[in-house]
Amino acid sequence: MDDQEFLEYVQAGGQVETGDWMPDDYRAKLVKFIEMHGNSELMGVLPEREWILRAPTLQRKLALTAKVQDEVGHSQLIYRVVEDLGKPREQCLADLVSGKSKFHNVFHYPTKTWGDVGVIAWLVDAAAIISQKALLKCSYAPYARIMKKICWEESFHILHGRDVILAMVTGTPEQFELVQEALNRWWPPLMQFHGNPIPADDDPMYQWRIKSQGNEEARQQFLDGYVPQMLELGLTIPDPALRKRDDGVWEYTEPDWDELRHVVTGHGPKTQERLGFRRLNHDETAWVRSVVLAEAA
Amino acid sequence: MIWEVFRQERKGQPFQHAGSVEAPDFRFAEIYGREQYGRRGESEALWLVPREHLSVVEGWADEFDLKYRRVDGYSIKARLKEARERAESR
């Protein structure tokens, strides 16, 4: 099989296993894409972790802790897939903390109030599950298989987030306002989340069938599914240009793509602080890893 | 050490490959397996198998025409038609 035959194979719906031959470019793109996913799961717990000690009730504290455990578990599963493609987990972590590799834009921002925690669990996870569902048909089969478990767990997170939001919008006016303010803060990053509207056929990740849908399709799906849910709670969406056309397509103010680029290249408001924490944590837990290996030896 | 994880969802169902965990020995593999693949009651049982103990068999030679072993090796349509016609003319 040569590169062209491989391309035709995956475009016809063919799937690849770890030991199968694959073009170097495909392997490199897979590693980069899947590694960024793993990084995002791992970095994504930090904004939420900040709220474990400040959760309003014991039940919320337990649920948030469980969500954090899920996300760390996802990063472990995903890094395993990357390792089998040839890049060791230690190298992934080293590249993450040195800023060489990237993680998703939404995890570079601060969480100001408990309203942010609800918006993240509900809407950021909703946006993420749309991307992740499009990976269930990924041409690299081991990645597609773990995505089943990941999507299943994300659905709990959305419910947890929705429950947090419902409690607040049915609470005091101040609580409602916390949700509205959080939505105002998260709307721009949410609209940037699925990436610039590059046509699917020009997107190498789509050409190799690593993803099964284009960026704009994902964003439209998000708007279609969640704008009505936000409106029915009485929330105001902070984009006056947002509207659904008669042909079903959502129009919106062009997201700030420069901000997206700036943020994911290490210049977000919380990027350096969170990478610093990850670095510190990695160093401080080194002894645990060595004890585990020594005990087993 | 890599352990392949096979998961059985309900009693009586087949064990299906779910993913893998990295663990230095079975003790840790069991802990990680339980956390990753069973903490919400989604599994009845797990098989944890060290990757190096798995032997893969693939590639199926077909030098001989063995289709008599398969249903597509029997095309009865034309013969059935002929048999019916003969029966009618009898």
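Just so you know, these numbers come straight off a predicted model, no measurement behind them. Just so we're on the same page: letters track the sequence lines, and every chain starts at 1.
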Checklist line | Selection from Gly19(B), Ala18(B), Ser20(B), Ala23(B) maximising heavy-atom pairs under 4.5 Å formed with chain A | finding: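 Option with the greatest count: Ser20(B).
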Next item on the list: Starting at CD1 of Ile158(A), measure out to NZ of Lys67(A) and round the result to the nearest 0.5 Å.
Entry: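 Interatomic distance, Ile158(A) CD1 to Lys67(A) NZ, rounded to 0.5 Å: 9.5 Å.
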Note to self: Assess, by modelled atom type and distance only, whether the side chains of Gln91(A) and Asp95(A) contain a donor and an acceptor separated by less than 3.5 Å.
What the structure shows: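 The criterion, which ignores hydrogens and geometry beyond distance, is satisfied for Asp95(A) and Gln91(A).
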Check: For Val21(B), is it the side chain, the backbone, both or neither that has a heavy atom under 4.5 Å from a heavy atom of chain A?
Finding: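 Contact with chain A is through the backbone of Val21(B) alone.
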Check: Side chain, backbone, both or neither: which part of Arg7(B) has an atom under 4.5 Å from a heavy atom of chain A?
Finding: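 No part of Arg7(B) comes within 4.5 Å of chain A.
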Checklist line | Check: Asp163(A) and His160(A) side chains under 4.5 Å, non-hydrogen atoms | finding: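 They are not in side-chain contact.
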Next item on the list: Kindly assign one of parallel, tilted or perpendicular to the pair Phe222(A) and Tyr226(A), based on the angle between their ring planes and the thresholds 30° and 60°.
Entry: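 Answer is parallel, since the angle falls under 30°.
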Next item on the list: Using non-hydrogen atoms and a 4.5 Å limit, figure out which bit of Asp84(A) sits close to chain B: side chain, backbone, both or neither.
Entry: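 Just its side chain gets close to chain B.
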Item checked: chain B contact via Glu83(A) - side chain, backbone, both or neither, heavy atoms under 4.5 Å ->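 Looking at Glu83(A), just its side chain touches chain B.
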Checklist line | Face-on cation placement of Arg40(B) at Phe156(A) ring, 6.0 Å and 45° thresholds | finding: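 Yes, a cation-pi geometry holds between Arg40(B) and Phe156(A).
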